[in-house]
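Data first, discussion second: the structure below is written as structure tokens.
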Amino acid sequence: MARNALPKQSEDFPSWYVEVVKRAGMAEHGLAKGTMVIKPHGYALWEAIQKALDDRFKATGHENVYFPLLFPEKLLSKEAEHVEGFAPQVAVVTHGGGEKLEEPLVIRPTSEAVIWSTYANWVQSYRDLPLLYNQWCNVLRWELRTRLFLRTSEFLWQEGHTAHASSPEAMEETLRMLEIYREVCEDVLAMPVNPGRKSPSERFPGAIETYTIEALMRDRRALQSATSHFLGQNFARAYDVEFLNRDGVLEYAWATSWGMSTRIIGGLIMVHGDDSGLRLPPKVAPVQVVIVPIYRSDDEAGAVLPVARTLSDTLAGDGIRSRVDDRDQHRPGFKFSEWELKGVPVRIEIGPRDVEAGQVVVVSRTSGTKRTLPAGEASSTMTSMLRNIQQELYDDALSFRDANTHDAHDYDELRAGLQAEGGFWVGAWCGDTACEQRVSQDTKATVRFLPLEPEDPGAACVVCGRPGVDKAAWARAY
RNA sequence: CGGGGCGUAGCGCAGCUUGGUUAGCGCGCCUGCUUUGGGAGCAGGAGGUCGGCGGUUCGAAUCCGCCCGCCCCGACCA
């Protein structure tokens, strides 16, 4: 029966995650500690995510650029909070060409420093603004504890870095990009997310305000899925990016930066996956429909395979990514399990009986039930079926998120809820870091986000009882 | 950096306490036959510097020392 079954999510979620990532062919560990080899099935997902984001970046006027992996160490230290925030995680190159370098180079943990140093040369006038640039690249942050996709020393991401002539314009950009992240997560990845601001202690080092979208995993832990930062004039001041405004007055440029990383793949796995493995949203699934031919003899293979291949071609003509699994070394049952593990949204089975009867058997990854369709309708049915699966995944995740989002009215409720149930717990907060730290120490949960439009923020702080200034959503996080 | 554990075939492990033939098992891999609608069976086969260096010994996967690497828990983090 179920040989090589995965660990059950309900019994051992961390093991389930590791096993799914490995067995589904997503990724494995690299040779150096904390590094990751992204395998074809994982990289194809990343490519789909890249495309969804990049199309939207372009549509909102951004262009792609590339800045160097290495830059002089002293650049980092120009922005005080920035260097303090990243110093423990930066890798430094001290030798090259067999000799000690006179000036050490850092491997980028993020590119504000090198980019703003360069922007200084690009900006003289308000006519040079805005600069709306993005780059796709890798970054390196020394990590103590790593998990595939969720936290590795090296990871892939995009980082947008924009410069503006005014504060409102930069703020508008910050929120525009947050909205794009929300849209990609919800509409493309079928992942419901909560947009919000970060508390000061969770802010990006050097930012005035950090915005986030937070998703809830199926083990009721939160995942920061993307961030967008309003950097004010901090980086312009540190890297000397000044321009003459319309009034002929020198002014520092206003900045934003925003990023989403391969971490989102870990989120995708943990939001949708079930005990059989991955469940991929059709919009990003590298294979949307897998066709498994079934036959015993060479004669039957001769009858079945051409039908399978013709159907695959027809689907391709309709813009559907399909694949015939004609591997001879595995029997159908093995293939069913494997493609379920890999999260393919739809499986079509075609055997001798089906060819005879002019039909196919269709199975959805979300419902798992088998349906028999006339062969001629298979292609026309697929588009709506994939759309339904996309919607079902979103609806499932949304109802799970909502069922695990609670109001906390006092500290006992907050603490007990975070410890016993998990999920998001929302309550008024006075804004004092001391209250924030107390919750973290008691429950290991952190403020994940401050809702953009809080209801009744003036209620008593759930920790200390003083008047609140914000609402905070707490959760244990990855 | 503190605490715990591990390194033996591609993967997962046994063997080590009490040194002694050609170092084993499961999965996977290769070949053949039978199979194929929910993770196939049988037969044959390939695959190892036992993490590294040094020591003890007639003899070391096994005992001793040093080193390297990895994993888990904690302090930092997208």
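Residue numbers begin at 1 in each chain, while the letters A, B, ... track the order of the sequences.
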Atom [atom1] of [X] to atom [atom2] of [N]: distance rounded to whole Å?
{"X": "Lys370(A)", "N": "rG37(B)", "atom1": "NZ", "atom2": "P", "result": "10 Å"}
{"X": "Lys342(A)", "N": "rG39(B)", "atom1": "NZ", "atom2": "C1'", "result": "15 Å"}
{"X": "His330(A)", "N": "rG37(B)", "atom1": "NE2", "atom2": "P", "result": "14 Å"}
{"X": "Trp339(A)", "N": "rG38(B)", "atom1": "CH2", "atom2": "C1'", "result": "16 Å"}
{"X": "Phe334(A)", "N": "rG41(B)", "atom1": "CZ", "atom2": "C1'", "result": "16 Å"}
{"X": "Glu84(A)", "N": "rC76(B)", "atom1": "CD", "atom2": "P", "result": "14 Å"}
{"X": "Asp328(A)", "N": "rG32(B)", "atom1": "CG", "atom2": "P", "result": "12 Å"}
{"X": "Arg23(A)", "N": "rG12(B)", "atom1": "CZ", "atom2": "P", "result": "13 Å"}

Answer yes or no: is there a donor N or O on one side and an acceptor on the other, between the side chain of [X] and the main chain of [Y], under 3.5 Å?
{"X": "Arg347(A)", "Y": "Ser364(A)", "value": "no"}
{"X": "Asp275(A)", "Y": "Gln9(A)", "value": "yes"}
{"X": "Arg221(A)", "Y": "Ala477(A)", "value": "yes"}
{"X": "Asp54(A)", "Y": "Gln50(A)", "value": "no"}
{"X": "Lys283(A)", "Y": "Asp187(A)", "value": "yes"}

Tell me the partner of [N], counting only Watson-Crick (N1-N3 plus N6-O4 or O6-N4) or G-U wobble (N1-O2 and O6-N3) with both under 3.5 Å; none if nothing fits.
{"N": "rG59(B)", "value": "none"}
{"N": "rG69(B)", "value": "rC6(B)"}
{"N": "rA75(B)", "value": "none"}
{"N": "rC33(B)", "value": "rG41(B)"}
{"N": "rC25(B)", "value": "rG12(B)"}

request  = Please find out if less than 6.0 Å separates the ring center of His229(A) from that of Phe204(A).
outcome  = yes
Under 3.5 Å, is there any donor-acceptor pair linking the side chain of [X] to the base of [N]?
{"X": "Arg353(A)", "N": "rG37(B)", "result": "yes"}
{"X": "Glu338(A)", "N": "rG39(B)", "result": "no"}
{"X": "Arg296(A)", "N": "rG37(B)", "result": "no"}
{"X": "Lys335(A)", "N": "rG37(B)", "result": "no"}

Just to be sure I understand the rule, does [X] reach a base, reach only the sugar-phosphate, or reach nothing, if contact means heavy atoms closer than 4.0 Å?
{"X": "Glu340(A)", "answer": "base"}
{"X": "Arg327(A)", "answer": "nothing"}
{"X": "Leu150(A)", "answer": "base"}
{"X": "Glu349(A)", "answer": "base"}
{"X": "Phe155(A)", "answer": "base"}
{"X": "Thr262(A)", "answer": "nothing"}

key: Side-chain touch Leu452(A)/Arg197(A), heavy atoms, less than 4.5 angstrom   = yes
Taking the same atom, [atom1], in [N] and in [M], what whole-Å distance lies between them?
{"N": "rG12(B)", "M": "rG7(B)", "atom1": "P", "result": "11 Å"}
{"N": "rC29(B)", "M": "rG47(B)", "atom1": "C1'", "result": "9 Å"}
{"N": "rA60(B)", "M": "rG20(B)", "atom1": "C1'", "result": "10 Å"}
{"N": "rG54(B)", "M": "rU17(B)", "atom1": "P", "result": "23 Å"}
{"N": "rC71(B)", "M": "rC27(B)", "atom1": "P", "result": "28 Å"}
{"N": "rC64(B)", "M": "rU21(B)", "atom1": "C1'", "result": "26 Å"}
{"N": "rG74(B)", "M": "rC30(B)", "atom1": "C1'", "result": "47 Å"}
{"N": "rG10(B)", "M": "rG19(B)", "atom1": "C1'", "result": "30 Å"}

request  = Assign each of Ser297(A) and Glu143(A) to its nearest nucleotide of RNA chain B by heavy atoms, then name whichever residue's nucleotide is nearer the 5' end.
outcome  = Ser297(A)
Most 5' of Leu6(A) and Trp142(A) on RNA chain B, judged by nearest nucleotide = Leu6(A)
Tabulate protein N/O versus nucleotide N/O from nucleotides 70-73 of chain B, keeping only pairs under 3.5 Å, one per line.
unit_1, atom_1, unit_2, atom_2, d
rC71(B), OP2, Lys33(A), NZ, 3.4
rC73(B), OP1, Arg145(A), NH2, 2.7
rC73(B), OP2, Arg145(A), NE, 2.8
rC73(B), OP2, Arg145(A), NH2, 3.0

query = Quick one: do the Gln158(A) and His62(A) side chains pair a donor with an acceptor below 3.5 Å?
reply = no
inquiry  = Restricting to non-hydrogen atoms, name the atom on Gly267(A) and the atom on Leu150(A) that form the minimum distance, rounded to 0.1 Å.
reply    = N-CD2, 4.3 Å
inquiry  = Using the side chain to side chain contact (heavy atoms under 4.5 Å, CB included) definition, which of the options Ile348(A), Thr381(A), Val289(A) pairs with Val362(A)?
reply    = Ile348(A)
key: Minimum-distance nucleotide to Val361(A) side chain [options: rG38(B), rG39(B), rG37(B)]   = rG37(B)
